[in-house]
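Everything below concerns the one structure shown next.
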Amino acid sequence: MIYQIFYTETALRELKNLDKNTQRRIVLALERIRYNPFKYVRKLVGREEYRLRVGDYRVLMHIDQGKLIILVVALGPRKNVYKRN
């Protein structure tokens with residue numbers, strides 16, 4: 001089963017503010033996890049989101065197993081991404 005990937009407006013804005021190489025790495029990592037996301041992500045303690053590590057960047061997402069949807073909520077450098085959400 002393949003999950004569909006959706007982005008919030010905030011996540012799209014944050015992605016567009018990154019350099020092209022980092023954008024490509026994050027999008028490729030998200031495409032890779034579409035087949036089996038739980039192999040690559042970790043559940044955040046005390047929160048509903050999951051996180052994907054892509055170098056120094058983190059991608060925060062909600063995963064709906066029933067509808068096979070990955071909703072990217074936020075992304076950014078590790079030091080900032082957890083404080084905003």
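Nothing fancy with the numbering, it's 1 onward along the sequence.
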Within this structure, what is the CG-CD distance for the pair L75 and Q23, rounded to the nearest 0.5 Å?
9.5 Å
Those residues that, when tested against N21, pass side-chain hydrogen bond (donor to acceptor under 3.5 Å, both in side chains) (two or more places apart)
R24
More than 12 foreign heavy atoms under 6.0 Å from CZ of R78: is that the case here?
no
Closest approach of A74 and A11, non-hydrogen atoms and distance?
N-CB, 4.2 Å
Atom pairs and distances, donor-acceptor, side-chain atoms in residues 52-73, under 3.5 Å, two or more places apart:
{"from": "R58", "atom 1": "NH1", "to": "G55", "atom 2": "O", "distance (Å)": "3.0"}
{"from": "D64", "atom 1": "OD1", "to": "G66", "atom 2": "N", "distance (Å)": "3.1"}
{"from": "D64", "atom 1": "OD1", "to": "K67", "atom 2": "N", "distance (Å)": "3.3"}

Check salt bridge (Lys or Arg N to Asp or Glu O under 4.0 Å) between E31 and all other residues, then give those that pass, not counting sequence neighbours.
R34
Does Q4 have any side chain to side chain contact (heavy atoms under 4.5 Å, CB included) partners at least two apart in sequence or in another chain, and if so, which?
F6
According to a hydrophobic-cluster definition based on side-chain heavy atoms being under 4.5 Å apart (Ile, Leu, Val, Met, Phe, Trp, Tyr only), do M1 and Y40 belong together?
yes
Side chain N17, main chain R13, donor-acceptor under 3.5 Å:
yes
For Y50, the ring-ring contact (aromatic ring centres under 6.0 Å, His included) test, sequence neighbours excluded, returns F38
Given a cutoff of under 4.5 Å between side-chain heavy atoms of I, L, V, M, F, W and Y, with clusters grown through shared members, what are the other residues clustered with Y35?
I2
